[in-house]
J.: 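Take a look at the following structure, please.
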2 protein chains.
Amino acid sequence: MDEPARPQKRNAIRAQNEALILQAAEKVFAEAGFGGATMQLIADMAGLPKANLHYYFATKEDLYRRVVQNIFEIWLHAADCFDNAPGPVEAIGAYVDAKMEISRRHPNGSKVWASEVMHGAPVIQDYLETTLRDWTAGRAALIQNWIDEGRMDAVNPDHLLYMLWATTQHYADFGHQIETLNGGAPLSDAQWLAAKDSVKRILLKGIGAV
Amino acid sequence: MDEPARPQKRNAIRAQNEALILQAAEKVFAEAGFGGATMQLIADMAGLPKANLHYYFATKEDLYRRVVQNIFEIWLHAADCFDNAPGPVEAIGAYVDAKMEISRRHPNGSKVWASEVMHGAPVIQDYLETTLRDWTAGRAALIQNWIDEGRMDAVNPDHLLYMLWATTQHYADFGHQIETLNGGAPLSDAQWLAAKDSVKRILLKGIGAV
DNA sequence: TCTTTTCCTGACCGTATGGTCAATGTGAAG
DNA sequence: CTTCACATTGACCATACGGTCAGGAAAAGA
């Protein structure tokens, strides 16, 4: 194709390389953890010299922080369906679907997040205390409204949210275990559908949503 | 107390030091991951010189393997209540109680296990393929029996087990996140009880267990 | 074309890590 | 007391890691 000296080739190169590095970093951080990951490994996976990584990201921690923030954005965005629903069945059903889809398409991101939280959230503690806390309080209030309206059982909203997170993210974080128990093969399309249906059915019936 | 030249003081010393090291190692591996953990850190936490660790455990990987195996044993043992129960309500109720208690008392072990599985189970893959696979198949058959006897809904046994693992272990693996959302304080006795009840109530009702 | 800014990278550095070892201490057996 | 296996540890080593930098290539502006 023709590439007639684009006016903003610089910006394109930067954007492309940053995306390339972030993608490789997410995979390496997920597979090896922050401590086990090396800049050399990420560089090799991205097909770039190690020094080039430090040109775009000053330190390993900066790169890691960007990866974690990206995941957080995706998850927050996935919760939109929670708000635009008329009731608990639609909201929770759509939320489970969205989060299961993320677990399937973004397993590495989920693992990096899990690892970060398990290690005490050294780099995203402020996000937990602000954005996530606000988000959680908002959804808990929403759930409480549904309870007050008699549209579902009087369950503890916080623990319900934890169950939603736990069950959906488990398919990403423990995907290797599930795959092993599945005879070594990744879940098929049908099996993913069955997983989604199982989770939705048990949870929705469990909270008495009508 | 009197210590009149015990006949097996040697064995006692070995047992005590190994336990001390394993305990410190579990904590450090949980907080920093395998790659982030250092033998020096473990040694400091155990109050021993680093070289002494290598006297009892040849390599970092050996020490790590022992930690993971210990956790696996505890979890397998916790599943006994699953078998000695007359029906799904008692079995699953007792299993949730047992696993929640482990999450509370052994959060570091749970984190190490989660980390190991997330990174592709490099050191316990054989356990997954043998012991865990057998265990899972056995419980899935048990659940299927209950379904056939009409004692619970026809849910997919595998996905039900995944939900049990996910919801209970979440309280250990994501304990820091839960604590942050709880205003920075660990869950109180009452809150742990509420968590257990929430999980049991939603799951048991969700599978239509009577 | 010339200049400036951005991009790229091989070579290098200080440090921290996992692991070793020789020397020494310490219970127990004869 | 002597002997011997077990236990302890400071000092040491090779390696690998995160990060730096000088100098060159390539794009954008003049």
Side-chain angles (χ1 to χ4, degrees), chain A residues 1-22 24-29 31-68 112 119 122-123, chain B residues 1-22 24-29 31-68 112 119 122-123:
Chain A
M1 308 304 175
D2 54 350
E3 291 187 351
R6 296 193 220 138
Q8 297 197 340
K9 190 169 182 180
R10 280 278 159 75
N11 292 345
I13 289 178
R14 173 169 280 273
Q16 180 180 333
N17 279 346
E18 282 189 357
L20 193 68
I21 293 169
L22 284 170
E26 182 181 282
K27 185 166 186 179
V28 173
F29 281 133
E31 289 174 353
F34 178 81
T38 71
M39 294 298 271
Q40 188 62 62
L41 221 63
I42 298 172
D44 292 347
M45 182 143 304
L48 296 172
K50 192 185 67 164
N52 207 347
L53 265 68
H54 281 101
Y55 174 74
Y56 286 105
F57 301 92
T59 68
K60 182 185 176 184
E61 205 172 309
D62 283 344
L63 177 53
Y64 175 74
R65 183 176 289 112
R66 282 284 302 274
V67 169
V68 174
V112 174
H119 297 355
V123 317
Chain B
M1 310 307 174
D2 54 350
E3 289 187 348
R6 295 191 221 144
Q8 298 197 340
K9 190 169 182 179
R10 283 276 162 74
N11 291 345
I13 288 179
R14 173 168 280 272
Q16 180 180 333
N17 278 346
E18 283 189 357
L20 193 68
I21 295 169
L22 284 170
E26 182 182 281
K27 186 167 185 178
V28 173
F29 281 133
E31 287 173 355
F34 178 81
T38 71
M39 294 298 271
Q40 188 62 62
L41 222 63
I42 298 171
D44 292 347
M45 182 142 306
L48 296 172
K50 193 185 68 164
N52 208 346
L53 266 67
H54 281 101
Y55 173 74
Y56 286 105
F57 301 92
T59 68
K60 183 184 176 185
E61 206 172 310
D62 282 344
L63 177 53
Y64 175 74
R65 184 176 289 113
R66 283 284 302 273
V67 169
V68 174
V112 174
H119 298 355
V123 317

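Chain letters run A, B, ... following the sequence lines, proteins first, then strands; residues in each count from 1. None of the values given here were measured: they were computed from a predicted structure.
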J.: Select one nucleotide: of dG19(C), dC17(D), dC8(C), the one nearest the side-chain heavy atoms of Y56(A).
T.: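 Ranking dG19(C), dC17(D), dC8(C) by closest atom to the Y56(A) side chain puts dC8(C) first.
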J.: For the residue pair R66(A) and F57(A), establish whether any side-chain heavy-atom pair is separated by less than 4.5 Å.
T.: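 Yes, at least one pair of side-chain atoms sits under 4.5 Å.
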J.: Does some side-chain heavy atom of F29(A) sit less than 4.5 Å from a side-chain heavy atom of I42(A)?
T.: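 Yes. Closest side-chain heavy atoms under 4.5 Å.
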J.: Without decimals, in angstroms, what is the distance between R14(A) CZ and dT5(C) C1'?
T.: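 Checked: the CZ to C1' distance equals 12 Å.
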J.: So, does the side chain of K50(A) form a donor-acceptor pair with the base of dG19(D) at under 3.5 Å?
T.: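 Between dG19(D) and K50(A), which were checked side chain against base, a qualifying N/O pair under 3.5 Å is present.
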J.: Within this structure, what is the CD-to-P distance between Q40(B) and dA11(D), rounded to whole angstrom?
T.: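 The distance from CD of Q40(B) to P of dA11(D) comes to 13 Å, rounded to the nearest Å.
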J.: For H54(B) and dA11(D), give me the distance from atom NE2 to atom C1', rounded to whole Å.
T.: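 Rounding to the nearest Å, NE2 of H54(B) and C1' of dA11(D) are 15 Å apart.
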J.: Starting at atom CE of M39(A), determine the distance to atom P of dT15(C), rounded to an integer number of angstrom.
T.: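 Atom-to-atom, M39(A) to dT15(C), this comes out as 20 Å.
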J.: Is any side-chain heavy atom of Y64(A) closer than 4.5 Å to a side-chain heavy atom of V112(A)?
T.: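 The answer is yes; the side chains approach within 4.5 Å.
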J.: Around atom NZ of K60(A), are there more than 12 heavy atoms of other residues, nucleotides or ligands at under 6.0 Å?
T.: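 More than 12 heavy atoms, drawn from other residues, nucleotides or ligands, come within 6.0 Å of this atom.
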J.: Starting at the 5' end of DNA chain C, which residue's closest nucleotide do you reach first, Y55(A) or A51(A)?
T.: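 Whichever sits nearer the 5' end wins; that is Y55(A).
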J.: Nearest whole angstrom, please: distance from the C1' of dA7(D) to the CG of N52(B).
T.: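 My rounded result for the distance is 7 Å.
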J.: When the distance from CG of L48(A) to P of dA25(D) is rounded to whole Å, what number comes out?
T.: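 Value for this atom pair: 19 Å.
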J.: Any side-chain heavy atom of D44(A) sitting closer than 4.5 Å to one from Q40(A)?
T.: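 They are in side-chain contact.
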J.: Using a 4.0 Å heavy-atom cut-off across all strands, classify A37(B) as base, sugar-phosphate, or nothing.
T.: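 Sugar-phosphate, no base atom in range.
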J.: Output yes when at least one side-chain N/O atom of N17(A) is less than 4.0 Å from OP1 or OP2 of dC8(C), else no.
T.: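 For N17(A), the contact criterion (side-chain N or O under 4.0 Å from OP1 or OP2 of dC8(C)) is met.
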J.: L63(A) CG to dG19(D) C1': how many Å, rounded?
T.: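 After rounding, the gap between these two atoms is 14 Å.
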J.: Send over the distance from I13(A) CD1 to dA26(D) C1', rounded to a whole Å.
T.: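 Value for this atom pair: 8 Å.
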J.: Specify the residue among P49(B) and F34(A) whose closest nucleotide of DNA chain D lies further upstream toward the 5′ end.
T.: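 The answer here is P49(B).
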